[in-house]
Protein chains: 2
Amino acid sequence: MLELRTLPAACAQRRSDAACTSCGARAFSVCGRLGDEDLAKLDSIAEHTALKAGEGLIRQGDPAGHVFNITSGSVRVYKLLPDGRRQITGFLFAGDFVGLATGEDYAFSAEAIEDATLCRFRKSDYRALIRQAPALESALLERATHELAAAQNQMLLLGRKTALERVASFLLNLPEDPVRPASDGLVRLPMTRAEIADYLGLTIETVSRVFSRLKTTGVIRLVSLHELRIEQPDRLAALAEGEG
Amino acid sequence: MLELRTLPAACAQRRSDAACTSCGARAFSVCGRLGDEDLAKLDSIAEHTALKAGEGLIRQGDPAGHVFNITSGSVRVYKLLPDGRRQITGFLFAGDFVGLATGEDYAFSAEAIEDATLCRFRKSDYRALIRQAPALESALLERATHELAAAQNQMLLLGRKTALERVASFLLNLPEDPVRPASDGLVRLPMTRAEIADYLGLTIETVSRVFSRLKTTGVIRLVSLHELRIEQPDRLAALAEGEG
DNA sequence: CGGGCACTTGAAGTCGATCAAAGTGTGTGG
DNA sequence: CCACACACTTTGATCGACTTCAAGTGCCCG
């Protein structure tokens, strides 16, 4: 059975940033529009996989043979420089697609941050399917479009924001815990400080220091290492835009 | 008459980076696939405009009513922070589209760097057209996909590369002068140092210093302020990846 | 030819990186 | 269940790349 069908509910909860409220949610735009036949077709070419924390699903340079849809857990997508410097270009969660934006070979790597499950589609099957189900293609274009907008925001962050502004922006864009959506402001951080640093173009130490600063100023509270509560969303938002 | 038809030739010349050779060129993927009827339909809803240097075509926050295709000249796309910090997210040239990646309102601004001409499509007309010409949609998805890959490269640049690596990467990704394609290594820089700086997440002074360094080490030669020749492409490529 | 703007170059300052060490949590094996 | 080991995180001190501030230089255009 294809999990895609169950995504809208999850997605509607997980995006709180303004850029995404208008479109509902990212995965929603894919599955919400599809009729039962289209879903059945998708189902017929889907292949389910489970990954343990740290396992890779895509390796930079490999021929781009598959497209993935994450059904649970979280994934890091990154690029490396020859000397090992890493830039994480995105964290992906349930409902997100991976592997669409590729040519012949994958131009990035993707690995599970924590145990994850996903649907895998052979790219050729997938293309064939799209020809039969044009609604899918337009939904994907809309998604790609929103990812592009998100990428532009990240460029602004990486090119022009201070460490404090970067961390604040990051926390605000994080999906709220879908398990306990009522507990407002509670955010889960499945990734390590090193991954946050590599996402924000900073070092571990700087990320840690900024967290400490936000903690002592009362903007956030660290519930545990991988879970925090945003105590003052307004101040955090102001900080994110350089108005703190 | 719609200029789109004339783009393939121009595009085939202007992209030299490896990421784009496989797809031919970005605009090519849009116009190359379309039949005469589709082109005629596009033509019927196109509206031609000319812009003087510095004039804007899109302003951040305005309702997103149009999609544009640049037919000559060059355009800067950027986002601003409240205090005026600017991140240029891309330079666009003949054949490129602007305004696809938007929701209700534009999330960025776009202005002509030099005198430019463009086709303008009302977004509603444009959407209607897409419904009739599915080939257009799949071509646009492919383009969006490549822009996403380019955006990921830019994130790597902004997050993890040094000033020298950024400038080197920038010069290598610049389109070669389409007017004189034979003169290998000759690059036109229609934008100012300030624009380069805001694209690379640096200051004017740092960009200038790196240019000077590349000049004195013989990697490039400045023909004029806005035109330079890459004398040692291999060394420049090595520098761009941190192997200099 | 002269004014203005963009660019270059130099000197000092700063934010984040790097180096270093102590603290904390987690998982494993006894 | 506890103790140990290891990996991750936090905090502190120093360093360096890029920024900021400040003159100069040169080019373009009237």
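Residue numbering restarts at 1 for every chain, and letters A, B, ... go by the order of the sequence lines. What you are looking at is a predicted structure, and each value in this text was computed from that prediction instead of being measured.
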Report the distance from atom CG of L214(B) to atom C1' of dT8(C), rounded to the nearest whole Å. 15 Å
Residue set satisfying side chain to side chain donor-acceptor pair (under 3.5 Å) with E47(B), at least two apart, ordered chain then number -> R120(B)
Separation of dG27(C) atom P from K52(A) atom NZ, nearest Å, is 14 Å
Rounded to the nearest angstrom, tell me the gap between atom CD in E195(A) and atom C1' in dA7(D). 13 Å
R166(A): what forms a salt bridge (Lys or Arg N to Asp or Glu O under 4.0 Å) with it, not counting sequence neighbours? none
Using a 4.0 Å heavy-atom cut-off to protein, can you give one letter per nucleotide of nucleotides 13-23 of chain C, 5' to 3': B if the base is in contact, S if only the sugar-phosphate is, - if neither? ---SSBB----
Here the distance between atom C1' of dT9(D) and atom CG of L222(A), to the nearest Å, is 11 Å
Pairing residues for I204(B) by the side-chain contact (heavy atoms from CB on, under 4.5 Å) criterion, not counting sequence neighbours: R193(B), A194(B)
Using whole Å, what does the distance between atom P of nucleotide dC8(D) and atom CD1 of I113(A) come to? 13 Å
side-chain contact (heavy atoms from CB on, under 4.5 Å) between T89(B) and L156(A): does it pass, once the steps are laid out? CA-CA 8 Å; T89(B) 56; L156(A) 177 62; 5.9 Å; no
Qualifying side-chain hydrogen bond (donor to acceptor under 3.5 Å, both in side chains) pairs with a residue from residues 204-219 of chain B, counting only residues at least two apart or across chains: T203(B)-T206(B)
Not counting sequence neighbours, list each pair that qualifies as a side-chain hydrogen bond (donor to acceptor under 3.5 Å, both in side chains) and has a residue in residues 228-244 of chain A. R221(A)-E231(A), Q232(A)-R235(A)
Can you check whether I88(B) reaches R86(B) side chain to side chain, under 4.5 Å on heavy atoms? yes
One character per nucleotide, please: for nucleotides 23-30 of chain D, 5' to 3', B when the base has a protein heavy atom closer than 4.0 Å, S when only the sugar-phosphate does, - otherwise. --------
So what does S208(A) touch, heavy atoms closer than 4.0 Å: a base, only the sugar-phosphate, or nothing? base
Just how far, in rounded Å, is C1' of dT9(C) from CZ of F211(B)? 16 Å
Can you name the ring-ring contact (aromatic ring centres under 6.0 Å, His included) partners of F170(A), sequence neighbours left out? Y199(A)
Quick one: side-chain hydrogen bond (donor to acceptor under 3.5 Å, both in side chains) pairs with a partner in residues 72-81 of chain B, sequence neighbours left out? N153(A)-K79(B), S72(B)-T117(B), S74(B)-E114(B), R76(B)-E111(B), R76(B)-E195(B), Y78(B)-E111(B)
Distance check needed: dC7(C) C1' versus E227(B) CD, whole Å only. 17 Å
Residues at least two apart in sequence or cross-chain that pass side-chain contact (heavy atoms from CB on, under 4.5 Å) with A197(B), listed by chain then number, are V207(B)
Gap between atoms CG and P, on L228(B) and dC7(C) respectively (whole Å): 13 Å
Can you pull out how bent the helix from dC1(C)-dG30(D) to dG30(C)-dC1(D) is, comparing the axes over its first five and last five pairs, to 10°? 40°
Across all chains, not counting sequence neighbours, the side-chain contact (heavy atoms from CB on, under 4.5 Å) partners of A149(A) are none
